[in-house]
Structures are given as structure tokens and as C-alpha cells.
Amino acid sequence: MLRTLSTRLMLLAFSSLALSATSLPLAFGSTAPDEILRRADSVRNPGETYLMKVEVTSKDSDKAVFEVSLDGNSKTFIKTLEPARDRGRNLLMLGEDMWVYMPNLKRSVRVSLSQKLTGQAANGDISRMRWAGDYDATIESETEKSWTLLLSAKRKGLTYDKIRAVIEKNTFHPLAAEFLTPAGKPLKRATYGDFKTLLGRMRPHTMKVQDAIRPDDVSVIRVTNMEVKSFPASLFNQNSLR
Amino acid sequence: MNWRAFFLIHLCTLAVAHAAEPPPTVTWNAEAGVQSSLRESDSRWTRSRPYFEPALLAGVERRGLGRRSRASYEFKASFRAWGDFNERLDGKATGDIEPRDLNVSMAQDFFKLTLGYQEVSWGETFGFQILDLVNGRDLSDPLILDTGWIRRPAPLVNLQFFTDRSSLQLLANPAPSLHRFPRPDSQFDPAAGAYISMGQDYLKHDDQPPGEPEYGARASYLLPFGVDLGLIHYRHYNRNAVFVVAPGVLNPLELRPVAERVQSTGLSASYALDRFVFRGDVVHHDGQPLVSTAPGEVVLGGSQLRTVAGVDFTYDDLALGFQYQGDFNRAPAPVLNERMSWLSARMMVSFFERKFEPELFVFHGLDNQDVWIQPKLAWNIGSASQLSLRYDHISADATGNGILGVVRDEDRYLLWFTTRL
């Protein structure tokens, strides 16, 4: 039995090596789409667990300020700091499940992941900062300076079913994204900008989200602070949401 | 090494260690507002209540239990100070300062301990939250049923353990705060008359001393396919409002609320599928006092099963919700309502980037005459204030069929201004 177990472990180790080998940049100048996605994710995410403060400004809407605690791609706690009216209306996302704390009920309530956070910003625009793991990527087109990837959701329940992302070749900076319906119709368009050094590398500080049908409906998500930090498990449990 | 050198070295070590620690954080905020309500039947102002609710939160991160472990310590205090110029029939102002939160907590990776005055809310459904058993309610104005406003904070020992997908909560309440009912002869006294009024003292049929502790537990598990399950067991005083007619103090007779020890076991579940969220609560109360068919009497040792199931749908700025509620009562003697059921619906929508938020709530008995209709319009002024106007129409069977009978027929307007500082 032990022999069987050790053989399985060896096979597992071998398959892991094989998998990691395929995720390395391919030879002769071409790069695997999953690797492009992973490296683009590392531009936006400084670590596995971190804290960031974001401001969301939208046309005809009050400025919203959130403190976002992220642990991997499946655990996110969003604390609402502004507007004062919504203070305490905090959100927890665990995988594809989401809860919101209602201060008037003093209770956390299960909500749908597709619910709007503020303006054009969906909950997933802030709570899910990584594409790798959630989406399968294929290279749709390529220019001298950038790749255009088509990302298809690996499972149901994600904020967007398909995303078309433009990634800069030399830097792996995400430049733009189109969020699409399952049929490929654009819902929103996003552009990433204001690249500045933060926690040791150049990262985008703003994401401008525009409605595809009503281009005047624009929200700007601005990262004002980022800090690599670890969190207690109790922060990411719906029963301790406050 | 002499003791002075030893003390000095220790002091320096502590100072260096303390300087390296992140500093404590202190935040405060406050809510101020005023509630004014007008009863339609007699065109009478029934509430003119300004209030102020400051809150302080102090937190610090320090060494926890065990080597190299870190823990967050928090102190939370909030109070509600209010005055009311219309609450009593004699027109005299009343007021109070009530603690809403007064607790300390310690959170370390897998557990959290909170001690002191706090609110704990169980259950997944809305309306009559049947699993929300831990805190009593202030029902002195029975038309204000906003749970965040009427829940009475309790001095609790609240210990929670967490794993990746599950949690266990152990609760003990050494000094239970039961429901508070309308004051005798106040304008909300359902019994107010020449010979009878509302009583304030609870009638306890068991031989236990008043204030026997309440305690229980809740276990929850988030299943891999997204169903969030919760199982509760709680030993407590009954949370249903039942009264007996007894010799009174202010009047020859009074309605006295009944407090009995009850064991409650319940299950809650929720599941989100795309734009839909399905919710359900079920609870069985063993030992529940129930309203007897004999006028003014209560049947003890009853058994009550309560269920609520509902579905919510959200699309952009629209939210719709529907709920079914069913109560099934069994007792050693005949009781008034052996079976009752209701349907309720809620619709919310927002316009102009949430500037205006109209809302409609309808609650209707299926086998009883309960009707509650509540349209509401909220106007969000700036980023911190809200003005809302709502209308409550309640009608019920005066003989006690249904659960709104105790409120009597009421129509009321409520204007509520609130601002956050």
C-alpha cells in the first residue's frame, strides 16, 4: 500500500513539474496565454494577501471609498468608508458567494454576485483582481506591442462570462478590457492607466469603466494605497461579518 | 545583576517592542435624526423623537495566544440618546440613554471572543425574523418594527470558531432582556380602557427565578455548491407575545406578558443562483406558551413550528422579493391559531444614481385577516443624509386570529430624517 502511495506521489510530483513547465514562457519568443494572464495578474496584485484602499467616482453619484482585504482570488472583504450614508455596508465574497452586512438590520444578508457596488463598478471589479484561475485564455490577435486575449469563464457565477483583454508585451501591463455577454456582446469597457511604482513595481492606479451602450456612464476606480498584509480567518467568514 | 538593572533592561525591551508594534486605531462616528409620526384615525402625532447615536471603535493588534500568533483586540461603545415629546398620553416628554454596543473582543486566526452588550442576529429571511431569537425587542411602539432600531442589546458571552467553510458559535446570556411592551395606558396600549390596561411585569409560570440565563449554539457550513446552512439550538424565554388577564395595579385588570422557558431548534439555508437568492428558515419551539381559545388565557407547554421560505431577484437597480410564512401550533389544550400562513412581497427600486429609492412591502394572511401595506420613499440628500416618508396600513382580526391582531387597525405616516457624522 505504501508503495502504491509513493508511486502516486511520484506521479503527482512529475505531473506538477510537467504542468509548471507548460506554464513557463515558451521558447522562440511566443508566450502561453495562461502565462500572459498570470503575469498580467501579478502587475495588479502585489501578493497573495494584501490590503488596498480604492476610490470610485461616477457621474452624478457620490464618491465611494472602500478598504479591500484580499486573500487569493476567492476571499475578499470590502469595507465601505464613504459615502457616510453607506458606512458599515460591508461586503464579503467567498468564491462565487457574496454577503452584505446591513447596518439597519445588524445582520449579514446573502446577495447575488452580479449586484452593483456603485456607478458602473460591479462587486467583481474590485473583489476579483485576478483573471488566472477564473478564466481560460486564448490569444485572439497580436500586434508588435500587445496581445489581445479572449478570456472565457471556467464556471458559472463569475461577474463576467467573457473578457477581451489587451496586455502590453514587454511589461505585461493590462492596458484595456472589454467585458462581454456569453454571446460576445460588449457590456462595459475598461482602460487601465496612471502606471506608477507601488510596492516595488509599476502598477496601474486607475481603471476607467464605461458602459458599452451609454458611453457617458463612466466610473473611475482609483487605487490610493496598497499594503501586503495577512488577515485572521475570522475576517473572511460570513458569520463574523460586521 | 541587581534588580534595578534587571528592571531597566526589561523596561527598555518592552519599550522597544511596543515601539515596533502598530499603533492603536481609534475611530468614531455618529448618527443623528428625528422620527415624527402621525396616526390617521385621530390625526394625532404619536411620535416626535430626536435621537443621537455616537459610536466609538478602538482597535489594536498585539500578541495573541500561542507563540508568534497575532490577535486583534477591539473595544466598541455606542449609545442611543433620545427624547420623545408625544409618546405619553399626558404629553410629558420621555427619554432615555440606551447602550447599543458596549463590548470588548479578541480575534485570532481561528476564533473570536466578544464580551459585553451586543446584538446577534440569526436567520436568512426578512419580515418576522423567526430565527432572530437572541435579543429581545422593544415593542413599546408596535408599528416601528425596524429590527436594527428595536432589537434590545444583551450582555453576551459570544465565542466563535472558524474554519475555511464552517463556523461554530457558543452564546450565553446571563441576564436576558425580554420584549418591552407598550407602557400601561400609553397610546399604544392595546388594552387601554376603564378597567383594564397593559401590565409591565412578566408572569412566569415556572418556578425559576427571574432572569435565568439563556444559552445556545449555532453551527454553520457553506457547502461546496454554495448552499449556506445554519443549525441553531437555543434555550431561552419565549419570544412570542402572549398575555394573560390578571389582577392589575393601575386598573382592576391588566394584560400581563407571559415568560416561559422554551427550547428552540432551527435550520437556516440560503443559495444564490445568478440573479436569484433563495432563502429559508425553520424553527421548532418546544414549551412555547400559546393563546388559548378561552379569552384571556394562555396554554403552556405548547409546540410551535415556524417556517419561512422566500426568493429574491435583483436586476440592476430593481430588487424583488417574495416570502411564504407558515406557523403550526400544537398544545395540550385548544389554542386559537392552530395553523396560520401568510404571503409577503417587497419591491425596491432606485432612480438617479440612488438619489430616490421607493419601496413597497405587502404582507397578507392566507387563512387569517392580517394585512400590512407599507409604501416608502427615501430621498438620499448628499452623501450622509436621508429623508424618508412611509405609510403603514395595518388591519387585523380583533379576536386575535393572525399575528397582527394585537396591533389593532392602524394607519400611520412616519417621517424619518437621519444623518451620519
Side-chain angles (χ1 to χ4, degrees), chain A residues 58-65 71 74-75 81-88 92-116 118-120 122 155-158 161 217 219 227 229-242, chain B residues 29 70-72 107-112 119-124 126 129 132 146-149 151 160 162-167 169 218 220 222 226 228 230 270-279 312-317 319 352-355 380-386 418-421:
Chain A
S58 310
K59 191 187 149 201
D60 300 330
S61 174
D62 300 311
K63 183 178 84 174
V65 181
D71 184 349
S74 62
K75 296 177 184 173
L81 304 176
E82 284 182 44
R85 190 180 54 242
D86 291 339
R87 200 187 297 136
L92 176 72
M93 192 200 74
L94 301 174
E96 281 78 58
D97 301 302
M98 188 166 245
W99 290 261
V100 59
Y101 183 75
M102 306 294 285
N104 59 338
L105 297 176
K106 296 230 170 157
R107 195 179 105 184
S108 61
V109 171
R110 186 83 181 254
V111 292
S112 150
L113 193 65
S114 57
Q115 253 182 10
K116 251 180 22 170
T118 180
Q120 284 304 311
R155 54 189 173 277
K156 288 195 103 178
L158 298 178
D161 291 293
D217 285 352
S219 288
E227 183 187 336
K229 199 178 173 185
S230 58
F231 307 104
S234 59
L235 187 72
F236 301 109
N237 192 292
Q238 68 276 25
N239 297 302
S240 68
L241 184 59
R242 288 285 178 276
Chain B
N29 59 67
R70 306 289 294 168
S72 305
Q108 191 175 325
D109 199 38
F110 64 92
F111 83 93
K112 185 176 183 180
E119 295 173 43
V120 170
S121 178
W122 288 340
E124 296 284 351
F126 300 106
Q129 296 167 33
D132 199 347
D146 306 71
T147 43
W149 185 266
R151 208 185 274 129
Q160 290 171 282
F162 305 100
T163 67
D164 211 25
R165 303 187 75 88
S166 62
S167 71
Q169 181 176 36
R218 179 180 190 268
S220 79
L222 178 62
D228 190 12
S270 68
Y271 177 61
L273 180 69
D274 204 11
R275 295 182 184 280
F276 294 90
V277 179
F278 300 89
R279 310 173 191 281
D312 295 338
F313 170 77
T314 46
Y315 184 80
D316 221 14
D317 293 319
F352 307 116
E353 294 292 337
R354 289 187 59 214
K355 282 277 180 293
N380 292 317
I381 309 160
S383 62
S385 305
Q386 188 186 70
T418 177
T419 190
R420 295 265 185 109
L421 309 170

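As a basis for the values below, the full set of heavy atoms in this structure was taken, side chains included, without hydrogen atoms, waters or symmetry mates. Here is how names work: the chains are called A, B, and so on, in the same order as the sequence lines, proteins then strands, and each is numbered from 1.
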A.B. asks: Could you tell me which portion of A:Asp97 (side chain, backbone, both or neither) has an atom closer than 4.5 angstrom to a non-hydrogen atom of chain B?
C.D. replies: side chain
A.B. asks: Count the heavy-atom pairs under 4.5 Å between each of A:Leu235, A:Asn239, A:Asn104, A:Leu94 and chain B, then report the option with the highest count.
C.D. replies: A:Asn239
A.B. asks: Identify which of B:Ser383, B:Gly148, B:Gly123 forms the greatest number of heavy-atom pairs closer than 4.5 Å to chain A.
C.D. replies: B:Ser383
A.B. asks: Given a strict heavy-atom distance threshold of 4.5 Å, which part of B:Ser385 is in contact with chain A: side chain, backbone, both, or neither?
C.D. replies: backbone
A.B. asks: For A:Asp86, check salt bridge (charged side-chain N to carboxylate O under 4.0 Å, His left out) against everything at least two apart and list the hits.
C.D. replies: B:Arg354
A.B. asks: Which pair of heavy atoms, one from B:Gly226 and one from A:Arg110, lies closest together, and at what distance?
C.D. replies: O-NH2, 2.6 Å
A.B. asks: Report the option among A:Glu96, A:Met102, A:Arg87, A:Lys63 that has the most heavy-atom pairs separated by less than 4.5 Å from atoms of chain B.
C.D. replies: A:Arg87
A.B. asks: Whether the side chain of B:Arg70 engages the backbone of A:Phe231 through a donor-acceptor N/O pair (distance < 3.5 Å, no angle test) should be reported.
C.D. replies: no
A.B. asks: Take B:Gln129 and A:Leu105 through the side chain to side chain contact (heavy atoms under 4.5 Å, CB included) test and state the conclusion after the steps.
C.D. replies: CA-CA 10 Å; B:Gln129 296 167 33; A:Leu105 297 176; 4.1 Å; yes
A.B. asks: For the interface with chain A, which of B:Arg165, B:Arg279, B:Gln386 has the highest count of heavy-atom pairs at distances below 4.5 Å?
C.D. replies: B:Arg279
A.B. asks: Could you check whether B:Asp164 pairs with A:Lys75 (Lys NZ or Arg NE/NH1/NH2 to Asp/Glu carboxylate O, under 4.0 Å)?
C.D. replies: yes
A.B. asks: Side chain from CB out, backbone as N, CA, C, O: work out which of these in B:Leu421 comes under 4.5 Å of a heavy atom of chain A, or both, or neither.
C.D. replies: backbone
A.B. asks: Before you tell me yes or no, could you show the steps for B:Asp228 and A:Gln238 under side-chain hydrogen bond (donor to acceptor under 3.5 Å, both in side chains), namely the whole-Å CA-CA distance, both residues' side-chain angles and the distance that decides it to 0.1 Å?
C.D. replies: CA-CA 10 Å; B:Asp228 190 12; A:Gln238 68 276 25; 3.1 Å; yes
A.B. asks: Run the numbers on B:Thr314 and A:Val111 for side chain to side chain contact (heavy atoms under 4.5 Å, CB included), then give the verdict.
C.D. replies: CA-CA 9 Å; B:Thr314 46; A:Val111 292; over 6 Å; no
A.B. asks: Is chain B contacted by the side chain of A:Arg155, its backbone, both, or neither, given a heavy-atom distance below 4.5 Å?
C.D. replies: neither
A.B. asks: Closer than 3.5 angstrom, by distance alone: can the side chain of A:Arg85 be matched with the main-chain N or O of B:Gly382 as a donor-acceptor pair?
C.D. replies: yes
A.B. asks: Which heavy atom of A:Pro232 sits nearest to which heavy atom of B:Gln108, and what is that distance?
C.D. replies: CB-C, 4.4 Å
A.B. asks: For chain A, find which of B:Asp146, B:Leu222, B:Asp132 contributes the most heavy-atom pairs closer than 4.5 angstrom.
C.D. replies: B:Leu222
A.B. asks: Measure B:Thr163 against the heavy atoms of chain A and call it side chain, backbone, both or neither at under 4.5 Å.
C.D. replies: backbone
A.B. asks: Between the main-chain N or O of B:Phe111 and the side-chain N or O of A:Ser234, is there a donor-acceptor pair closer than 3.5 Å?
C.D. replies: no
A.B. asks: Might you point out which heavy atoms bring B:Ser167 and A:Asn237 nearest each other, and give the distance in Å?
C.D. replies: CB-ND2, 3.8 Å
A.B. asks: Under a 4.5 Å heavy-atom cut-off, does chain A meet the side chain of B:Gln160, its backbone, both or neither?
C.D. replies: side chain
A.B. asks: At a 4.5 Å cut-off on heavy atoms, which part of A:Phe236 comes close to chain B: side chain, backbone, both, or neither?
C.D. replies: neither
